[in-house]
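This report concerns only the one structure given below.
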Amino acid sequence: MSRQDFCKAPWEVDLMAEAGRLLASVFGLIDRTPLAGKSTLEIDTMVERFIVDELGARPASKGQYGFPYVLNSSINSVVCHGMPKDSDVLKDGDIVNFDITLEKGGYIADSSKTYLVGDVHPAARKLVETTYAALWKGIAQVRPGARLGDIGHVIERHAHRAGYSVVREFCGHGIGQQMHEEPQVLHFGRPGTGVLIEEGMTFTIEPMLNQGRRGVRQEKDGWTVRTLDGGLSAQFEHTVAVTASGVRVLTLRPEERAMAAKLEQAGASRLKK
């Protein structure tokens, strides 16, 4: 496919960045919310009201492919696409991923974060921390001239060194006016392979790491995906744009600014060489 199939104009990236800024504030709301004792359906309702009433935006996942909720809520052994329920009440020791999309000005941002609920077992905490680190290792590979395989390679290598597996059935994706655009962004692969990364491309990176085997199964609801062996799974996701010097994280949360600044400095150094 040609460059124009993947790349956005600067004004489009700015619109996506505004959607991403609003989406980051949604995670800020969840950060301030005591999660233990709340059902995932309560959180879904809270997030929908905030997006619509406070932000004047659209929850882009609701109605997408027939999905009836605003967010995916994936608890413990749920890998992705968990459906909010009254009966899913979060308790001390759980890990839960909230995957949320938001549309503003005709453009969509997509992000997810795995939360530690209360006193979490050290093994679960390590999985979550490793997955988050894997996301940022992938983001650090984004720059013009690199390949998408470079992203997948560093994510998989980091996961395997920590003793985890990488889910292969789901991947990152191009994003813009549509939730899912080309290209696909795999979280495994070989360096120097795959689609050439060019300025103006916008896509998500969203690794899912399992404690045990990478195999997954889908439940009868047609959405919920669990680990095949019952082990824990964690995920983090950001929407990024490729800049002339490197990468811009469009869904950046305030606590992540220092990491983003390091990537910007590295990109500036490359341009000077």
Side-chain angles (χ1 to χ4, degrees), residues 1-27 51 55-65 99-113 135-152 155 170-187 189 193-207 236-254 256-257 259-268 270-271:
M1 300 180 74
S2 67
R3 181 182 188 278
Q4 65 181 10
D5 293 311
F6 295 153
C7 299
K8 307 291 189 298
W11 63 268
E12 292 180 291
V13 174
D14 287 341
L15 286 174
M16 291 184 66
E18 175 59 13
R21 184 186 69 81
L22 296 178
L23 183 52
S25 74
V26 177
F27 285 97
I51 290 174
L55 302 181
R58 180 179 71 87
S61 293
K62 189 171 185 178
Q64 179 85 4
Y65 310 123
D99 191 341
I100 308 170
T101 60
L102 180 150
E103 182 266 319
K104 183 74 172 180
Y107 287 82
I108 298 172
D110 189 0
S111 186
S112 83
K113 178 178 179 178
L135 168 69
W136 280 96
K137 285 183 178 294
I139 291 173
Q141 298 301 308
V142 179
R143 58 185 179 275
R147 298 274 179 175
L148 289 182
D150 300 337
I151 297 172
I155 289 173
F170 304 94
C171 62
H173 51 86
I175 187 170
Q177 290 181 296
Q178 302 297 320
M179 177 97 70
H180 296 108
E181 300 178 353
E182 292 295 333
Q184 292 189 341
V185 182
L186 304 181
H187 304 118
T193 66
V195 172
L196 181 69
I197 297 175
E198 299 183 66
E199 183 180 358
M201 291 174 66
T202 54
F203 51 82
T204 70
I205 302 174
E206 45 185 297
F236 284 89
E237 174 184 13
H238 272 310
T239 298
V240 304
V242 184
T243 67
S245 59
V247 62
R248 179 182 180 186
V249 181
L250 303 181
T251 47
L252 190 73
R253 297 184 282 273
E256 298 173 316
R257 287 171 183 161
M259 284 185 285
K262 288 181 181 179
L263 293 182
E264 290 176 3
Q265 291 170 1
R270 282 194 297 269
L271 279 183

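All values reported here derive from a predicted model rather than from experimental measurement.
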* Asked: Would Tyr65 and His180 satisfy side-chain contact (heavy atoms from CB on, under 4.5 Å), going step by step from the backbone distance to the final call?
  -> CA-CA 11 Å; Tyr65 310 123; His180 296 108; 2.9 Å; yes

Measure the [atom1]-[atom2] distance between [X] and [Y] for me, rounded to the nearest 0.5 Å.
X      : Y      : atom1 : atom2 : answer
Arg253 : Phe27  : CZ    : CZ    : 6.0 Å
Ile139 : Leu263 : CD1   : CG    : 7.5 Å
Met16  : Leu23  : CE    : CG    : 11.0 Å
Phe6   : Glu198 : CZ    : CD    : 8.5 Å
Glu256 : Leu135 : CD    : CG    : 7.5 Å
Leu15  : Glu12  : CG    : CD    : 7.5 Å

Which heavy-atom pair separates [X] from [Y] by the least distance, and what is that distance?
X      : Y      : result
His187 : Ile155 : O-CG2, 3.7 Å
Thr251 : Ala109 : CG2-CB, 3.8 Å
Ala146 : Asp150 : CB-OD2, 3.5 Å
Arg143 : Ser245 : CB-O, 4.4 Å
Leu186 : Cys171 : CD2-CB, 3.9 Å
Gly172 : Glu206 : CA-OE2, 3.6 Å

* Is there side-chain contact between Val240 and Phe203, with at least one heavy-atom pair below 4.5 Å? -> yes

* To do: Taking the side chain as every heavy atom from C-beta outward, state whether Ile151 and Val142 have any atom pair closer than 4.5 Å.
  => yes

* To do: May I have the step-by-step check of side-chain contact (heavy atoms from CB on, under 4.5 Å) for Thr202 and Tyr107, ending in yes or no?
  => CA-CA 11 Å; Thr202 54; Tyr107 287 82; over 6 Å; no

* To do: Using only heavy-atom distances, determine whether the side chains of Thr101 and Ser61 contain a donor-acceptor pair under 3.5 Å.
  =>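 Short answer, yes.
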
* Asked: With no hydrogens and no angle check, is any side-chain donor or acceptor of Arg248 less than 3.5 Å from a backbone partner on Ala241?
  ->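 No, because the side chain of Arg248 does not come within donor-acceptor range (under 3.5 Å) of the backbone of Ala241.
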
* To do: Measure from the side-chain N and O atoms of Ser111 to the backbone N and O of Glu237, and report whether any donor-acceptor pair falls under 3.5 Å.
  =>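 Between the backbone of Glu237 and the side chain of Ser111 there is a qualifying donor-acceptor contact (under 3.5 Å).
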
* To do: Identify whether the distance between the nearest side-chain nitrogen and carboxylate oxygen of Lys8 and Asp14 falls below 4.0 Å.
  => no

* Show the numbers, then the answer: is there a side-chain contact (heavy atoms from CB on, under 4.5 Å) between Asp110 and His173? => CA-CA 10 Å; Asp110 189 0; His173 51 86; 3.3 Å; yes

* Asked: Does Arg58 have any side-chain contact (heavy atoms from CB on, under 4.5 Å) partners at least two apart in sequence or in another chain, and if so, which?
  -> Ala60, Glu103, Ile108

* To do: In sequence, state the C-alpha distance, the side-chain angles, and the governing distance for Leu250 and Val13, and then conclude on side-chain contact (heavy atoms from CB on, under 4.5 Å).
  => CA-CA 8 Å; Leu250 303 181; Val13 174; 4.2 Å; yes

* Can you tell which of Leu196, Ile197, Val242 makes a side chain to side chain contact (heavy atoms under 4.5 Å, CB included) with Pro144? -> Val242

* Asked: For Gln64, does the CD atom have more than 12 heavy-atom neighbours from other residues, nucleotides or ligands under 6.0 Å away?
  ->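 Enclosed.
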
